[in-house]
Asks: 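Pasting a structure here, questions to come.
The chains referred to below are lettered A, B, ... by the order of the sequence lines, with proteins before strands, and numbering in each begins at 1.
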Number of protein chains: 2
Amino acid sequence: MEEVTIKDIARLCGVGVSTVSRAINNHPDINPETRDHILNIIKEYNYIPNNSARNLKRTESKTIAILVKAIDNPFFSSMIRVFEKEIKYERFDFFLQHIDNNQDEIEVAIGLAKEKKLMGIVFLGGFSEHSEEALRQLKVPFVVSTVELDNSVEDCLYSFVSVDDKRESRRLADYLIGLGHRRIALLSAQKDDESIGRLRMEGYKSALSQHGIPIDEDLIVYTPKDCEVYSRRSGYVMMQQLMEREKDFTAVIAISDMVAVGACKAVFENGRRVPEDYSIAGFDGLPETFYYEPSITTIKQPLEEIAESSIKNLFYMIRHEEKAPNKKFEGELLKRESTRKIG
Amino acid sequence: MEEVTIKDIARLCGVGVSTVSRAINNHPDINPETRDHILNIIKEYNYIPNNSARNLKRTESKTIAILVKAIDNPFFSSMIRVFEKEIKYERFDFFLQHIDNNQDEIEVAIGLAKEKKLMGIVFLGGFSEHSEEALRQLKVPFVVSTVELDNSVEDCLYSFVSVDDKRESRRLADYLIGLGHRRIALLSAQKDDESIGRLRMEGYKSALSQHGIPIDEDLIVYTPKDCEVYSRRSGYVMMQQLMEREKDFTAVIAISDMVAVGACKAVFENGRRVPEDYSIAGFDGLPETFYYEPSITTIKQPLEEIAESSIKNLFYMIRHEEKAPNKKFEGELLKRESTRKIG
DNA sequence: TTGTAGGCGTTATCAT
DNA sequence: ATGATAACGCCTACAA
């Protein structure tokens, strides 16, 4: 395992290791000629500096980690493009790493912060409730993008940026009610959901209440334990259950676009039609809903704006060492073919 | 920046650092009592070992990297689950890292291999042609999953595992021909594609030729430069172009499922129907095609099998220090509603 | 079973 | 502008 190290390069160039280091890191006080020479030798010998050693020694690194939960979440690609652009603009480095469901995101973050001497962290696609103690461990500013949850820990630099899930969900229900629907079903997250699922459900309930429509628990279906939440399959299964109940309803709000797609399919397989038999609406504004037939009414999250605001907040905290305020964005109601006026 | 280090813990426990190290790493020769005590103190002080230091010192690490290109590719989640399971079974660690389009995957891999003392690498979702020299730099066994490309470099431990894109594509075309279609269009990748796109096109052409059907270049549409390849939008745009040409055709093969979905939408917006006016087929077997209305005929890639075989090959190479053979799997033709018999 | 000391590859400090 | 050298935090002989 004959690894080339900085010493080898130094010897090969007839200079000291510190000079090589200066060449690698673009330090100012180095003779341009020697630098070029060194760089050439480095190329020739395919020398690549060992990052562990660098990180160990460095005190700062100008790098930001983006920690993604649920890699298959279709949101992320557009957001990541924004992050990338802004981070490069600030002349920072970044890397993307996945966190799987049975890892504790804060623990991973703390470890990485030490290992890589991070300047900041973006959490994407899920963030659980954490103890103050855990949060305080993470001495690096971070922003949680797409989730709202603030448990408000003092002197801990973080910020949440998201859509106002409750308000948007209410808006969607309002729209259906405006179309004349009174019996509106909800395909919800799992029963014990304490996060986005609960907020969206609250929005739904609040809209109904405001219009004097009683909430019928039989029209609320929860994601079964053996289904992945927010998945097409969960929507498919829930919609089947709902239709079997033979309750009367004319519209369905799905907790997410994917769920809406699954629900539509269940309707078709049942020999009925959307929107003629049931109006169905989703939530998120994924491209898939535009291409679906019929196109699906949904609330579009302003992902690019959320991403941009997230990263701005992060840099603010890095620069000013002071908490950036949480931010909630407005969604956009996309009125499409899967919902229609009745009555 | 008062970081807790192994020395602090040692002092706190009144033992030497090596004892703490033994406790952390589950070494056998340590008194269980002292170990428990140390572990408690570690918990209490929230000590987390610095990975850079560990990796620097370590000679081996039993960890495998999964390098993912195109994070938004809908394949990956099911494959990653398989990787995870197998890797854990072998008592290795792994992590997932994203590579963006303007990074050179081999360079990243070489850097990571050094930094983390990797035992192996899985490349997922794209792999370019690389020079022998570059490949040889990477002294760690690797497997490329989902792509076939072998440029056959000696004494370099790697292996490709994928579906036989050409054969499966031919099969799909055969099926359509069997249904009576003669004028079959192809929605293809970009014109200069040298990878999967080309293979699938070859399969299409070969099927037509075998059946004595002349290849009409006007029925082949290429992904425009300003469209993302394999995207719904590209399918939408290409199908529009195709219909504008007013050429006669009865069936369409899309280079991927997403492209097929976009194509269907274009048909609907044109006031026509699938499959009554056009039969449309995709490739990949993504869940989305099942939920689409009409459900889309496609070739399903056996992703779990591919993943399993990939990781098996990787461990084989790690253990035996000898190249594992490339492997090509059969796809499964899913005959669904988007295609029909004519004539 | 435990502690001491040296070194992993780099960067930072201090001379020169 | 350059070079020697001491850390960085950990692991691992080796000694005790």
Side-chain angles (χ1 to χ4, degrees), chain A residues 1-39 41-42 45-63 93 110-118, chain B residues 1-39 41-42 45-63 93 110-118:
Chain A
M1 194 62 87
E2 6 66 40
E3 290 292 355
V4 189
T5 77
I6 197 172
K7 285 182 193 163
D8 300 321
I9 300 295
R11 195 165 8 83
L12 253 18
C13 297
V15 300
V17 288
S18 30
T19 307
V20 177
S21 177
R22 284 188 266 264
I24 296 171
N25 298 294
N26 269 315
H27 274 276
D29 45 353
I30 181 176
N31 185 322
E33 288 173 22
T34 51
R35 191 196 49 211
D36 291 349
H37 178 230
I38 291 171
L39 257 24
I41 299 285
I42 284 179
Y45 284 82
N46 295 305
Y47 163 66
I48 296 183
N50 182 317
N51 273 320
S52 292
R54 299 183 104 169
N55 293 329
L56 183 57
K57 182 59 194 175
R58 263 207 265 260
T59 51
E60 230 190 43
S61 78
K62 305 242 296 177
T63 111
D93 291 323
I110 295 170
L112 277 177
K114 285 191 188 179
E115 176 180 343
K116 308 269 200 182
K117 302 281 187 330
L118 297 179
Chain B
M1 194 64 87
E2 6 66 42
E3 289 292 358
V4 188
T5 77
I6 197 172
K7 283 183 193 163
D8 300 320
I9 300 295
R11 195 166 8 83
L12 253 18
C13 297
V15 301
V17 287
S18 40
T19 308
V20 177
S21 176
R22 285 188 265 264
I24 296 172
N25 299 295
N26 268 316
H27 273 276
D29 45 354
I30 181 177
N31 184 323
E33 288 172 24
T34 51
R35 191 196 51 210
D36 291 347
H37 178 230
I38 291 171
L39 258 24
I41 299 283
I42 285 179
Y45 284 82
N46 295 304
Y47 164 66
I48 296 184
N50 181 317
N51 271 321
S52 291
R54 298 182 110 169
N55 293 330
L56 184 56
K57 183 61 194 176
R58 265 206 265 260
T59 52
E60 230 190 44
S61 78
K62 305 238 303 175
T63 111
D93 291 322
I110 295 171
L112 277 177
K114 284 192 188 181
E115 176 180 345
K116 308 270 200 181
K117 303 279 187 334
L118 296 179

Asks: Between R35(A) and S52(B), who's closer to the 5' end of DNA chain D by nearest nucleotide?
Replies: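 So the residue in question is R35(A).
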Asks: Less than 4.0 angstrom between a side-chain N/O of N50(A) and OP1 or OP2 of dC8(C), yes or no?
Replies: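 Looking at the OP1 and OP2 atoms of dC8(C), neither is under 4.0 Å from any side-chain N or O of N50(A).
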Asks: Taking all non-hydrogen atoms of both residues, which atom of N55(A) and which atom of K116(A) are closest, and how far apart?
Replies: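 Closest approach of N55(A) to K116(A): ND2-CD, 3.9 Å.
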Asks: Closest heavy-atom contact between K117(B) and T59(B)?
Replies: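 So the minimum-distance heavy-atom pair works out to CD-O, 4.0 Å.
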Asks: Establish, with yes or no, whether the OP1 or OP2 oxygen of dT10(C) is under 4.0 angstrom from a side-chain nitrogen or oxygen of N55(A).
Replies: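 Answer no for this pair, as no side-chain N or O of N55(A) is under 4.0 Å from OP1 or OP2.
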Asks: Taking the side chain of Y47(A) as heavy atoms from C-beta outward, which of dT2(C), dT10(C), dC11(D) is closest to it?
Replies: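 Ranking dT2(C), dT10(C), dC11(D) by closest atom to the Y47(A) side chain puts dT10(C) first.
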Asks: Check N50(A) against E115(B) and note the closest heavy-atom contact, atom names and distance.
Replies: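 For N50(A) versus E115(B), the nearest heavy atoms are OD1-CA, 4.1 Å.
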Asks: Find the distance I6(B):CD1 to dT12(D):C1' and express it as a whole number of Å.
Replies: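 Answer to the nearest Å: 11 Å.
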Asks: Starting from P on dG9(C), measure out to CD1 on I24(A) and report it in whole angstrom.
Replies: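 It works out to 13 Å between those atoms.
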Asks: Quick check: do N51(A) and K114(B) have side-chain heavy atoms less than 4.5 Å from each other?
Replies: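 Contact flag for N51(A)/K114(B) side chains = no.
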Asks: If you check the T5(B) side chain, which of dG3(D), dG9(D), dC11(D) turns out closest?
Replies: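 Taking heavy atoms from C-beta onward, the closest nucleotide is dG9(D).
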Asks: For a quick test of reading the model, state the closest non-hydrogen atom pair linking Y47(A) to T5(A) and the distance between them.
Replies: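 Distance-wise, the nearest heavy atoms are CE1-C, 3.7 Å.
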Asks: OP1, OP2 of dC11(D) versus side-chain N and O of S21(B): anything below 4.0 Å?
Replies: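 Yes, because at least one side-chain N or O of S21(B) sits under 4.0 Å from OP1 or OP2 of dC11(D).
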Asks: Specify the separation, in whole Å, of atom CG of L56(A) and atom P of dG7(C).
Replies: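 Taking atom P of dG7(C) as the reference, CG of L56(A) is at 17 Å.
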Asks: R11(A) has an atom CZ; how far is it from atom P of dG9(C), in whole Å?
Replies: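 Those two atoms, CZ and P, are 12 Å apart.
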Asks: Do I24(A) and I9(A) have side chains that approach each other closer than 4.5 Å (heavy atoms only, starting at C-beta)?
Replies: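 Result no, sub-4.5 Å side-chain heavy-atom pair not found.
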Asks: Starting at CG of N51(B) and ending at C1' of dG9(D), how long is that distance when rounded to a whole Å?
Replies: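 About 11 Å, once rounded to whole Å.
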Asks: Determine: side-chain N/O of R54(B) to OP1/OP2 of dC10(D), distance under 4.0 Å, yes or no.
Replies: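 For R54(B), the contact criterion (side-chain N or O under 4.0 Å from OP1 or OP2 of dC10(D)) is not met.
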Asks: Can you find a donor-acceptor pair, distance only, under 3.5 Å between S18(A) side chain and dG3(D) base?
Replies: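 Such a pair exists between side chain and base.
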Asks: Within the pair T19(B) and dG3(C), is there a side-chain N or O less than 4.0 Å away from OP1 or OP2?
Replies: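 Checking T19(B) against dG3(C): at least one side-chain N or O falls below 4.0 Å of OP1 or OP2.
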Asks: E115(A) CD to dC10(D) C1': how many Å, rounded?
Replies: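 Roughly 13 Å, once rounded to whole Å.
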Asks: Specify the residue among P32(B) and V20(A) whose closest nucleotide of DNA chain C lies further upstream toward the 5′ end.
Replies: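 Residue closer to the 5' terminus by nearest nucleotide: P32(B).
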Asks: Should T34(B) be listed as having a side-chain N or O under 4.0 Å from OP1 or OP2 of dT2(C)?
Replies: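 True: T34(B) side-chain N/O within range (under 4.0 Å) of dT2(C) OP1/OP2.
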Asks: In terms of side-chain heavy atoms of R58(A), which of dC10(D), dT11(C), dT12(D) is nearest?
Replies: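 Selected nucleotide (nearest to the side chain): dT11(C).
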Asks: Any side-chain heavy atom of N46(A) within less than 4.5 Å of one from V4(A)?
Replies: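 Result no, sub-4.5 Å side-chain heavy-atom pair not found.
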Asks: Once you round it to whole Å, what is the distance between P of dT12(D) and CG of N26(B)?
Replies: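 Result: 13 Å.
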Asks: Polar-atom pairs under 3.5 Å, protein N or O versus N or O of nucleotides 14-16 of chain C: list them with distances, or write none.
Replies:
none

Asks: Is there a donor and acceptor pair closer than 3.5 Å between the side chain of K57(A) and the base of dA12(C)?
Replies: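 Checked by distance alone, the answer is no.
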Asks: Just checking I30(B): base, sugar-phosphate only, or nothing, at a heavy-atom cut-off of under 4.0 Å?
Replies: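 Since only primed, P, OP1 and OP2 atoms lie under 4.0 Å of I30(B), the category is sugar-phosphate.
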Asks: Which pairs of donor and acceptor atoms, one on a side chain in residues 11-21 of chain B, lie under 3.5 Å apart (sequence neighbours left out)?
Replies:
unit_1: R11(B); atom_1: NH2; unit_2: D8(B); atom_2: OD1; d: 2.6
unit_1: S21(B); atom_1: OG; unit_2: N25(B); atom_2: ND2; d: 3.4

Asks: Quickly work out the K114(A) NZ to dC10(D) P distance and round it to whole Å.
Replies: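 K114(A) atom NZ is separated from dC10(D) atom P by 8 Å.
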